[in-house]
Structures are given as structure tokens and as C-alpha cells.
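The structure appears below as C-alpha cells.
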Amino acid sequence: MKTPGEVLREGELEKRSDSLFQLWKKKRGVLTPDRLSLFPAGPGARPKELRFHSILKVDCVERTGKYVYFTIVTTDRKEIDFRCPGESCWNAAITLALIDFQNRRALQDFRSRQERQEPPEGRAP
């Protein structure tokens, strides 16, 4: 079982800015079993956290030249564009961690529904 603070992957990737010019900004990414944290290049800046409970999917994977481009789609339908060097496989690592998170959450939901439906010990249903 993975612990929430366990680092699955760490390294550089780029996020497209929301500004008018949509520049690519280098970020240090830290992937854990429940989130992707993006640290800006400057010291002392706070990371942006994308928690997996607010992510629907990793989409639009495209390889061109030396980069892989991909989009993270959030539950409120916001699209966040990323790119990384082709050999880094950030898109695959994020996708696998997201699937693992969704599977764990589905199991927890199933178990909690089962517990609510079971009659108390010693009583007939």
C-alpha cells in the first residue's frame, strides 16, 4: 500500500501559462499517490497542487520531436497543458498514479457501502 507522502516521481516538466502569450514555464514536479505538486523555479514560492480527487483524466497525449504534450482535465472541466521531454514519461506516470488513486477510492467506497448494508451482529436481517 502506498502512503500519501511517498514520492513516486520527481523532476522537471513544463506547464503552459494561462496568460495571453501562453508561455511554457518550467516546474519541478513531485508526484505522490494522491497529488501532483508543481513547484515554480523561484525559491520560496508555494507549489500548486493538483489533487487526484479533482482530476478526471490525462488527455491529448501527443509526441512531437523531443517533447510529449498532454492535458490534465479537472472535475470542473478545466484543461491544464503540460509538456515534458519524451524520455521522461511524465504523462504515463501521472496516468498510472491517477488510476491507482481512483481504484483505491472505488474500493473504499465499496467497502463503506457494504458496511452500511450489513445487519448488526446477532440480529436477523
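Within the structure, every pair that satisfies the ring pair (Phe, Tyr, Trp, His ring centres under 6.0 Å) test and touches residues 41-73, not counting sequence neighbours, is listed here: Trp24-Tyr69, Phe52-Phe101, Phe70-Phe82. Here salt bridge (charged side-chain N to carboxylate O under 4.0 Å, His left out) pairs that include residues 39-58, with residues two or more places apart or in two chains, are Arg35-Glu49, Glu49-Arg51, Lys57-Asp59.
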Practice task
Check the pair Lys78, Asp18 against side-chain contact (heavy atoms from CB on, under 4.5 Å), reporting the backbone distance first and the verdict last.
Solution key: CA-CA 11 Å; Lys78 181 178 178 190; Asp18 295 329; 4.1 Å; yes
Exercise for the section: List the steps, then state whether side-chain contact (heavy atoms from CB on, under 4.5 Å) holds for Lys26 with Glu12. Expected result: CA-CA 7 Å; Lys26 290 187 187 300; Glu12 186 178 285; 3.4 Å; yes
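Although no hydrogens or angles enter the test, the distance criterion places no donor-acceptor pair under 3.5 Å between the side chain of Ser37 and the main chain of Pro47.
Counting heavy atoms from C-beta outward, Arg28 and Glu10 have side chains that approach closer than 4.5 Å. With contacts defined as side-chain heavy-atom distances shorter than 4.5 Å, the pair Leu38/Leu13 qualifies. Ile80 is listed as a side-chain neighbour of Leu50, based on a closest heavy-atom distance under 4.5 Å.
In this structure, Thr64 OG1 and Arg83 CZ are separated by 8.5 Å, a value rounded to the nearest 0.5 Å. To the nearest 0.5 angstrom, Leu36 atom CG is 5.5 Å from Ile72 atom CD1. To the nearest 0.5 angstrom, Ile55 atom CD1 is 7.5 Å from Ile94 atom CD1. Between the CZ atom of Arg116 and the CD atom of Gln114 there is a distance of 11.0 Å, given to the nearest 0.5 Å. Here the straight-line distance linking atom CD of Gln22 with atom NZ of Lys15 works out to 10.0 Å at 0.5 Å rounding.
Heavy atoms only, all atoms of each residue included: Ala97 and Leu8 are closest at CB-CD1, 3.9 Å. Summarising the geometry of Arg77 relative to Val73, their closest heavy-atom pair is CA-CG1, 4.4 Å, with the distance given to 0.1 Å.
Applying the side-chain contact (heavy atoms from CB on, under 4.5 Å) test between Val58 and each of Ile99, Thr95, Leu96 identifies Thr95 as the sole match.
Salt-bridge formation is not detected for the pair Glu14/Lys25: no Lys NZ or Arg NE/NH1/NH2 atom is positioned less than 4.0 Å from an Asp or Glu carboxylate oxygen. Between Asp109 and Arg105 there is no salt bridge, since none of the side-chain N atoms of the basic residue sits less than 4.0 Å from a carboxylate O of the acidic one.
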